Asks: 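Quick one: this structure, given as structure tokens, is what I'll be asking you about.
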Protein chains: 2
Amino acid sequence: MGIDAAATRNRILDAAERLFGERGFAGTSLRAVTTTARVNVASIYYHFESKEGLLRAVARRAMASVSEERHRLLDELCTRGDPGVEELVRAFVVTGADLVRRQGERGEHVARFIGRVLCEPGPEVRRLFAAEVGHVEGRYLDALTKALPGLPAGEVAFRYRTMVGVLALHQMDALADLAPPGHGDDIWAGRGDDTERLIAALTGIFLAPQAPAVPS
Amino acid sequence: MGIDAAATRNRILDAAERLFGERGFAGTSLRAVTTTARVNVASIYYHFESKEGLLRAVARRAMASVSEERHRLLDELCTRGDPGVEELVRAFVVTGADLVRRQGERGEHVARFIGRVLCEPGPEVRRLFAAEVGHVEGRYLDALTKALPGLPAGEVAFRYRTMVGVLALHQMDALADLAPPGHGDDIWAGRGDDTERLIAALTGIFLAPQAPAVPS
DNA sequence: GTCTATACGAAGATAGAC
DNA sequence: GTCTATCTTCGTATAGAC
């Protein structure tokens with residue numbers, strides 16, 4: 001693969017990452033991608049085989065960015081001894097902002113894209129996501145479990161996934177839109193920097209007492 | 001509007017509710033809707049003006065079902081004096097299960113649909129959602145604020161919306177899919193009845209201490 | 001008021017020249 | 001590797017029959 005081939009591939013990935021994030025997968029046509037990437041429709045099929053192949057490639061790249069960032073933040077945190085719950089949550093939440101700081105605009109696209117991918121398409125992509133970020137997830141789960149003695153690992157995992165979901169929605173601004181016209185505008189500004197309240201709320205998830213066992 | 005016209009209308013609404021919930025809005029073609037509803041393509045345009053009009057109609061009907069259920073549960077709760085945080089969260093979460101119990105399969109469709117609608121399309125539909133369920137939201141916010149003295153109304157609203165988001169993801173099984181192959185299958189069964197752990201986690205959100213003010 | 005038939009464009013995908 | 005041309009299918013929407 002020549003240098004310009006790689007460049008083409010990357011332009012396609014960049015465009016798709018942004019558009020999928022903004023309009024969703026089903027809502028984005030390949031033609032929209034090729035237009036903003038200034039490439040031919042056929043080149044997508046050459047490089048990625050199909051629209052879904054493109055999605056997978058974008059997803060893998062985006063996850064890789066996030067995973068890398070998460071690993072870095074976690075490493076940093078662990079040099080100062082076993083981190084507490086809130087520190088772990090903070091590191092997790094801050095990843096997005098950190099990505100923006102390090103990668104500029106692309107960081108936002110990555111965050112949006114991941115938010116979308118997490119709730120839009122079929123389960124397949126979510127499972128790809130799960131497989132791709134498995135390593136970091138494992139480290140986080142271990143650290144959280146250690147920080148939360150008395151809470152079974154299964155419970156920690158459940159709450160971890162809840163956190164992932166909340167962060168995804170937050171990253172695509174889905175929560176801010178829920179403010180109702182009459183009641184909410186004044187009591188919740190929305191769109192501000194909600195990082196701190198987000199961290200507080202998510203930490204609360206982990207610190208909640210264990211649910212009573214259900215007979216099932 | 002004749003009796004069979006209303007029947008056609010309802011068949012369309014039922015089909016759309018289910019399909020939008022399963023495949024998303026952009027991912028569902030009108031042809032798919034008309035096929036499962038056994039009606040002609042034109043009848044959609046006759047009854048709903050456009051695809052988006054159909055979405056709005058489906059959304060309104062679904063919200064109405066949920067709102068009604070929520071009001072009922074909240075009424076019931078308030079007859080026994082001022083409810084606590086956990087009781088409120090439980091009533092909120094249980095609505096989905098209750099809807100299934102009362103409406104059968106349709107309850108599941110409604111839940112899925114609302115989950116989708118909440119995170120898929122543009123902000124417009126989310127705002128429609130917000131407007132439509134505004135009344136119940138107001139009552140819940142009031143009750144929660146009363147149950148949480150010391151937590152500013154804005155903070156309660158933020159956390160309430162976080163709860164709505166988590167429930168939406170949960171209702172479309174988005175969270176269960178995140179279990180990674182190697183690590184999670186054993187420690188979190190997924191797909192079980194997670195109602196109790198969900199209630200515990202969400203209650204934790206509200207009981208978390210307030211975040212320190214951010215300079216902004 | 002409701003359905004049949006169909007127009008029209010856009011979508012995903014491919015073959016083959018360069 | 002990249003682009004042109006084209007195929008097929010599907011989606012939205014309408015005009016007109018009943």
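In what follows, chains are A, B, ... by sequence order, proteins preceding strands, each numbered from 1. Given the structure is predicted, the values throughout are model-derived calculations rather than measurements.
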Asks: At under 4.0 Å between heavy atoms, what does A/T28 touch on the DNA or RNA strands: base, sugar-phosphate, or nothing?
Replies: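 Sugar-phosphate: the residue A/T28, judged by heavy atoms under 4.0 Å, touches backbone atoms but no base.
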Asks: Nearest 0.5 Å please: distance from the CZ atom of A/R90 over to the CG atom of A/L198.
Replies: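 Answer for the CZ-CG pair, A/R90 versus A/L198, is 10.5 Å.
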Asks: I'd like a table of atom pairs between the protein and nucleotides 4-6 of chain D - only N or O on both sides, under 3.5 Å - with the distance next to each one.
Replies:
{"residue": "D/dT4", "atom": "OP2", "partner": "A/N40", "partner atom": "ND2", "Å": "3.4"}

Asks: Would you confirm whether B/R23, through its side chain, and B/T28, through its main-chain N or O, come within 3.5 Å as a donor-acceptor pair?
Replies: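 Not confirmed, B/R23 side chain does not pair with B/T28 backbone.
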Asks: Does atom CD of B/Q103 have more than 12 heavy-atom neighbours, drawn from other residues, nucleotides or ligands, at distances under 6.0 Å?
Replies: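 Yes, because the 6.0 Å sphere around CD of B/Q103 holds more than 12 heavy atoms from other groups.
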Asks: Report yes if at least one side-chain N or O of A/T8 is closer than 4.0 Å to OP1 or OP2 of D/dT2; otherwise report no.
Replies: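 Affirmative; the distance criterion is met.
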Asks: So what does A/S43 hit on the nucleic acid, given a heavy-atom distance under 4.0 Å: a base, only sugar-phosphate, or nothing?
Replies: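 Nothing, no heavy atom under 4.0 Å.
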Asks: Using a cut-off of less than 4.0 Å, is there contact between a side-chain N or O of B/S29 and OP1 or OP2 of D/dC10?
Replies: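 The answer is no; no side-chain N or O of B/S29 sits under 4.0 Å from OP1 or OP2.
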Asks: Nearest-Å distance, CZ (B/F48) to C1' (D/dT14)?
Replies: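 Those two atoms, CZ and C1', are 18 Å apart.
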Asks: If the cut-off is 4.0 Å, is A/H47 near the phosphate of D/dT2, judged by side-chain N/O to OP1 or OP2?
Replies: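 The answer is yes; a side-chain N or O of A/H47 sits under 4.0 Å from OP1 or OP2.
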Asks: In whole angstrom, what separates A/L30's CG from C/dT14's C1'?
Replies: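 After rounding, the gap between these two atoms is 13 Å.
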Asks: Send over the distance from B/I44 CD1 to D/dT12 P, rounded to a whole Å.
Replies: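 After rounding, the gap between these two atoms is 9 Å.
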Asks: Please tell me which of the listed nucleotides, D/dA13, C/dA13, D/dT2, lies nearest to the side chain of B/Y45?
Replies: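 Among the listed nucleotides, the one closest to the side chain of B/Y45 is D/dA13.
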Asks: For B/E22, is there an ion pair with B/R18 - N to carboxylate O distance below 4.0 angstrom?
Replies: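 Looking at B/R18 and B/E22, the cut-off is met.
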Asks: Given atom CZ of A/R38 and atom C1' of D/dT2, what is their separation to the nearest angstrom?
Replies: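 That distance rounds to 15 Å.
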Asks: Using side chain to side chain donor-acceptor pair (under 3.5 Å) as the criterion, point out the one residue from A/E76, A/R139, A/H135 that pairs with A/H71.
Replies: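 The residue from A/E76, A/R139, A/H135 that satisfies side chain to side chain donor-acceptor pair (under 3.5 Å) with A/H71 turns out to be A/R139.
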Asks: B/F92 ring centre to B/R70 NZ or CZ under 6.0 Å, with the angle to the axis within 45°?
Replies: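 Flagged: B/R70 positioned over aromatic ring of B/F92.
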Asks: Output side-chain donor-acceptor pairs under 3.5 Å for residues 31-38 of chain A, partner residues at least two apart or in another chain, one line each.
Replies:
{"residue": "A/T34", "atom": "OG1", "partner": "A/L30", "partner atom": "O", "Å": "3.3"}
{"residue": "A/T34", "atom": "OG1", "partner": "A/R31", "partner atom": "O", "Å": "2.9"}
{"residue": "A/T35", "atom": "OG1", "partner": "A/R31", "partner atom": "O", "Å": "2.7"}
{"residue": "A/T36", "atom": "OG1", "partner": "A/A32", "partner atom": "O", "Å": "3.3"}
{"residue": "A/T36", "atom": "OG1", "partner": "A/V33", "partner atom": "O", "Å": "3.2"}

Asks: May I have the distance from A/R11 (atom CZ) to D/dT2 (atom P), rounded to whole angstrom?
Replies: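 After rounding, the reported distance stands at 9 Å.
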